Amino acid sequence: MRIGILALQGAFIEHEKILEKLGVESFEIRQKKDIEGQMDGIIIPGGESTVIGKLLRELDILEDLKNMINDGMPVFGTCAGMIILADKIENDEKVHIGTMDITVKRNAYGRQLGSFYSEENFDNIGKVPMTFIRAPYITECGPKARAIATCNGNIVAAVQDNQMVTSFHPELNDSLLVHKYFVEEICK
Ligand code: GLN
């Protein structure tokens, strides 16, 4: 298995390290030619969604990624990556890849509560560590998507066929559980 990690901005190296611990090969996506090779899944990391969206457009890979995901390419978006995949953003006019049937709110916990940590149930795998950094959450899961984790009553993870998103940063904790779930349940 070979997973491409979008490496334009934000927390991508941490994803590489987690995949390495799982024994999964990864490579960095930095330009258009990087998505031409064989791959079994894509990770869109956290960072700043406006910046990542702008770079995806400038590098002319936004539409390619959108088509690949619509054709079934497994994708995992964390934090800003979740915003990039959402088809509606409550407090931003610009939708980016927009393949997932969810409405998200950026910086949903407010600027004061920039970062926090919690441990919550994640689908059928039990409690996982969750690190939130100026995180969005899902205000509405459309009929195509399914919520798989909540924190303080807000939806913080969802899946939709070949797509998976988390508000939090699973790559910033030692647990391999969430990435293992992506590899085993979404990339299968
Ligand atoms: N606040 C960022 C945004 O709106 C997301 C933060 C993150 O990815 N940690 O894009």
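In listed order, ligands and their atoms are each counted from 1. Computed from a predicted structure; not experimentally measured.
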Per-atom contacts, ligand 1 versus [X] - under 4.0 Å to a heavy atom:
X      : value
Gly46  : 8 (O)
Glu48  : 2 (C), 3 (C), 4 (O), 10 (O)
Ile83  : 3 (C), 4 (O), 10 (O)
Arg134 : 1 (N), 2 (C), 5 (C), 6 (C)
Ser49  : 3 (C), 4 (O), 10 (O)

Which residue supplies the protein heavy atom nearest to [atom], what is that atom called, and how far is it?
atom                   : result
atom 4 (O) of ligand 1 : Arg106 NE, 2.7 Å
atom 1 (N) of ligand 1 : Asn107 OD1, 2.8 Å
atom 7 (C) of ligand 1 : Cys79 SG, 2.7 Å

Inset, instruction - Could you check whether the rings of His15 and Phe76 sit parallel, tilted or perpendicular, using 30° and 60° as the cut-offs? - result: perpendicular

Using distance alone, decide if ligand 1 has a nitrogen or oxygen within less than 3.5 Å of any nitrogen or oxygen in [X].
X     : result
Thr50 : no
Thr78 : no
Ala80 : yes

Legend entry - Residues Ile3, Phe182; criterion side-chain contact (heavy atoms from CB on, under 4.5 Å); working and verdict: CA-CA 11 Å; Ile3 306 283; Phe182 173 60; 4.2 Å; yes

Legend entry - Sidechain-backbone polar pair: Ser167 side chain, Pro136 backbone, donor-acceptor under 3.5 Å: yes

Legend entry - Test item: Gln160 side-chain N/O and Asp101 main-chain N/O as donor-acceptor pair under 3.5 Å: yes

Inset, instruction - State whether a side-chain donor-acceptor pair under 3.5 Å links Asp40 with Gln38. - result: yes

Legend entry - Pair Thr99-Gln163, side-chain donor/acceptor within less than 3.5 Å: yes

Inset, instruction - Given ring pair (Phe, Tyr, Trp, His ring centres under 6.0 Å), test Tyr109 with Phe132 step by step and report yes or no. - result: CA-CA 9 Å; Tyr109 295 93; Phe132 295 85; 5.7 Å; yes

Inset, instruction - Look at atom 5 (C) of ligand 1 and find which of Ala135, Gly47, Ser167 reaches it with the closest heavy atom. - result: Gly47

Inset, instruction - Return yes when atom NZ of Lys32 has more than 12 non-hydrogen atoms of other residues, nucleotides or ligands closer than 6.0 Å, and no otherwise. - result: yes

